[in-house]
2 protein chains.
Amino acid sequence: MADLASVAKRAGVSRATAARAFSSPELVRDQTREKVMAAARELRFRPNTVARQLRAQATRMIGVMVPSLDNPVFAEQLQAMEVAARERGYSLLVTTSEYDPARESDIVESMLRQRVDGLVLTVADAEQSPLLASLRRESTPCLLVYNPAGTSGFPSVGVDNRAASEAATRHLIDLGHTRIGMVAGPLLQSDRARQRFEGYCQAMQSARLTPCALVEMPRHTRAELAPLEGQLKSQQPLTALIATNDLLAISLIGELTRAGFKVPGDVSIMGFDGIALGKCLYPSLCTIEQPRAEIGREAVNALLALLEGEQHAPPLLAYTLRDGESVAPPVSSSAPCPTQRGSHHA
Amino acid sequence: MADLASVAKRAGVSRATAARAFSSPELVRDQTREKVMAAARELRFRPNTVARQLRAQATRMIGVMVPSLDNPVFAEQLQAMEVAARERGYSLLVTTSEYDPARESDIVESMLRQRVDGLVLTVADAEQSPLLASLRRESTPCLLVYNPAGTSGFPSVGVDNRAASEAATRHLIDLGHTRIGMVAGPLLQSDRARQRFEGYCQAMQSARLTPCALVEMPRHTRAELAPLEGQLKSQQPLTALIATNDLLAISLIGELTRAGFKVPGDVSIMGFDGIALGKCLYPSLCTIEQPRAEIGREAVNALLALLEGEQHAPPLLAYTLRDGESVAPPVSSSAPCPTQRGSHHA
DNA sequence: TCCAAAAATGAGATCGATCTCATTGGTGAT
DNA sequence: ATCACCAATGAGATCGATCTCATTTTTGGA
């Protein structure tokens with residue numbers, strides 16, 4: 001591959017001039033620039049970004065670590081980040097951690113060696129993460145996504161999980177539900193899952209209702225459904241479930257429907273995240289929508305602001321309660337509602 | 001950030017020795033290596049990959065361009081690619097094109113400037129792409145994903161779209177469907193969409209059935225549904241639809257259900273891609289499953305093989321017809337078939 | 001003990017672009 | 001005609017690691 005030196009030689013100018021023809025054309029006489037460009041074309045010259053990065057001590061690359069791209073909530077965020085980064089002349093080095101702490105550390109180490117200008121991370125639990133603790137000693141700007149800001153010391157982009165979960169729960173309560181459960185997928189121990197559960201408890205207690213214990217379904221499997229089915233068939237059945245994420249909510253709707261329950265007739269299901277697909281389904285998913293695209297864009301913007309030395313702490317972004325067909329008022333015997341719809345069971 | 005030179009000085013050795021302590025420890029006396037490592041630790045030295053890349057004329061980075069991460073089929077492929085690449089010491093530079101030719105060119109140009117060791121691309125139409133035409137003149141190895149190999153001159157990883165689509169159609173025919181339509185989302189002009197439509201036509205004709213014109217729904221909107229509804233309510237209603245991708249199939253199920261049709265009672269819906277979520281839905285999505293993870297892994301393997309000079313042309317991968325609840329035999333008045341199974345066509 | 005061979009280390013060049021700091025050339029003012 | 005100034009250009013150093021090719025040290029055998 002031709003380099004600037006050969007272009008310069010061919011154009012009959014010095015390397016410095018050739019370089020200027022590309023990076024600061026206004027410093028070069030038109031005629032000279034033409035010569036350089038012509039030579040570059042003939043030699044099929046293509047600037048070597050690596051050399052520029054080394055010299056400039058900046059890569060214009062952002063290191064991104066998400067837990068998994070199999071969950072659309074991260075894929076959609078990344079999509080928006082990529083667009084935003086490209087607009088501003090940055091590229092993304094993308095990695096997935098599967099929430100594996102060892103892998104998280106390896107990844108971040110290799111990104112730091114690659115001299116990314118900044119990091120955008122999503123970890124399981126920002127408060128507990130030894131990785132973040134050690135990152136605090138580094139000079140590379142770092143920004144969290146989806147993790148609550150908390151005490152980790154890093155700015156974070158996301159929504160107020162606790163408030164959002166409270167709002168979700170209240171929505172169900174307002175519809176008349178009183179026996180509401182929360183179902184968690186894997187990552188019970190994540191900071192978000194915790195906050196979402198707290199929000200749920202808070203809302204229940206404010207309404208003088210009793211929060212139920214968290215139902216755990218780490219693997220979304222049918223077997224794990226059994227205890228839940230039990231609770232749905234009991235004397236005092238749950239009439240609404242909040243899943244800690246949309247993927248789980250969608251599986252729940254599928255499995256429960258298959259098991260003979262009607263959603264939302266027998267049980268309302270509420271999700272959390274707001275993945276795009278939720279809107280297309282029937283029943284459409286009622287969920288707390290995190291603005292994934294905005295989160296991605298804002299993550300890029302806030303990180304680049306940090307890079308430029310501004311202490312632009314990104315604000316909490318607004319979540320939306322997206323209504324959907326998976327949630328409806330309860331049709332329980334205990335609810336003395338006149339115009340009750342779908343009076344299926346006793 | 002401390003560099004090797006300062007580590008070397010501190011350890012009282014030359015830069016060459018310090019470098020060796022890291023990259024070829026066996027060439028350095030244990031005692032010397034210890035000194036170097038100690039100095040590195042004290043100075044918090046972290047090797048600069050950019051410098052190594054420049055010197056080595058290799059970046060161990062793969063440039064990946066997918067149309068969009070909002071479609072899980074690409075996100076899932078990318079997830080697998082990332083894992084496979086990391087295992088082999090490579091990183092991914094990830095970009096999204098939205099199938100915009102101008103953006104595709106910009107992206108590839110910037111990746112070439114970044115001196116990625118290889119490219120993994122998915123384009124709208126490999127045969128027509130001017131980008132690919134010009135890429136053929138470059139020395140950077142390039143591999144297509146999802147695009148059929150065809151005449152583009154690049155090896156490609158994916159399934160036989162035509163055969164897969166034919167199989168999907170035959171599956172419906174075997175179930176007794178005779179009036180089967182195909183619905184396409186955006187990207188009618190993509191090479192895959194074309195092949196899938198051909199496969200459909202082929203299967204229909206083989207069964208002496210009349211292929212219908214492709215129904216276009218570029219935006220998945222409700223308005224676009226009208227013509228389709230017409231065809232479903234006609235005298236000779238379509239009893240099965242094949243969508244050109246899963247996202248579209250899922251929206252179709254949702255919208256049609258909402259419009260009062262029963263899936264699969266009134267109309268069977270078949271997808272194409274096999275995104276993970278399809279299995280969780282109710283009705284679960286009957287679809288042609290492309291092995292997304294395998295495609296991702298194989299793309300990395302084949303590209304790295306190319307890098308090492310092997311002419312390891314990746315084979316077509318096997319698709320699977322994944323059965324699902326969205327498809328059932330037709331319940332049409334015109335079908336006088338008691339136990340008929342697949343004995344339809346001459 | 002001494003030499004040859006092997007092991008360990010060092011000096012200097014290299015990858016490609018760009019920055020700093022001269023130096024040259026040209027213009028207008030006096 | 002001469003000087004001052006600005007625009008244009010060039011020479012050389014720099015970013016950090018690593019490669020090549022000496023040179024030094026160590027080791028083992030005679």
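What you see is a predicted model, and the numbers here were worked out from it, not measured in a lab. The figures that follow rest on heavy atoms only: side chains count, while hydrogens, waters and symmetry mates do not. Lettering of chains follows the sequences in order, A, B, ..., and the numbering in each one begins at 1.
Contacts with DNA chain C (heavy atom under 4.0 Å) in residues 28-44 of chain A: none are found.
As a whole-Å value, the separation of Lys9(B) NZ from dA11(C) C1' is 16 Å. Between the P atom of dA8(D) and the CZ atom of Arg20(A) lies a distance of 11 Å, rounded to the nearest Å.
Closest of all the heavy-atom pairs between Met65(B) and Val123(B) is CE-CG1, 4.0 Å.
With respect to Ile62(A), the side chain to side chain contact (heavy atoms under 4.5 Å, CB included) criterion is satisfied by exactly one of Leu119(A), Leu307(A), Leu304(A), Asp117(A): Leu304(A).
Listed by first and then second residue, the salt bridge (Lys or Arg N to Asp or Glu O under 4.0 Å) pairs that reach into residues 136-150 of chain A are Glu138(A)-Arg46(B), sequence neighbours excluded. Pairs of residues two or more places apart, or lying in two chains, that qualify as side chain to side chain donor-acceptor pair (under 3.5 Å) and include a residue from residues 139-150 of chain A are Asn147(A)-Asp191(A).
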Please write out each protein N/O paired with an N/O of nucleotides 15-17 of chain D under 3.5 Å, distance rounded to 0.1 Å.
unit_1	atom_1	unit_2	atom_2	d
dC15(D)	O3'	Gln57(A)	OE1	3.3
dC15(D)	O3'	Gln57(A)	NE2	3.2
dG16(D)	OP1	Gln57(A)	NE2	2.9
dG16(D)	N2	Ala51(B)	O	3.4
dA17(D)	OP1	Asn48(B)	N	3.2
dA17(D)	OP2	Leu4(B)	N	2.3

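Side-chain atoms of Arg88(A) and Asn301(A) include a donor-acceptor pair closer than 3.5 Å. No side-chain N or O of Gln290(B) forms a donor-acceptor pair with one of Gln77(B) less than 3.5 Å apart. Donor-acceptor pairing under 3.5 Å is recorded for the side chains of Glu127(B) and Thr151(B).
The pair Asp106(A)-Arg103(A) fails the salt-bridge criterion, with no side-chain N (NZ, NE, NH1 or NH2) lying under 4.0 Å from an Asp/Glu carboxylate O.
For Phe154(B), there are no ring pair (Phe, Tyr, Trp, His ring centres under 6.0 Å) partners, not counting sequence neighbours.
Checking the phosphate oxygens (OP1, OP2) of dA11(D), no side-chain nitrogen or oxygen of Ser14(A) falls inside 4.0 Å.
Put simply, the side chain of Val159(B) reaches to within 4.5 Å of the side chain of Pro291(B), judged on heavy atoms.
Comparing the end axes of the helix from dT1(C)-dA30(D) to dT30(C)-dA1(D), each fitted to five base pairs by superposing C1' atoms of four pairs onto the next four, gives an inter-axis angle of 40° (nearest 10 degrees).
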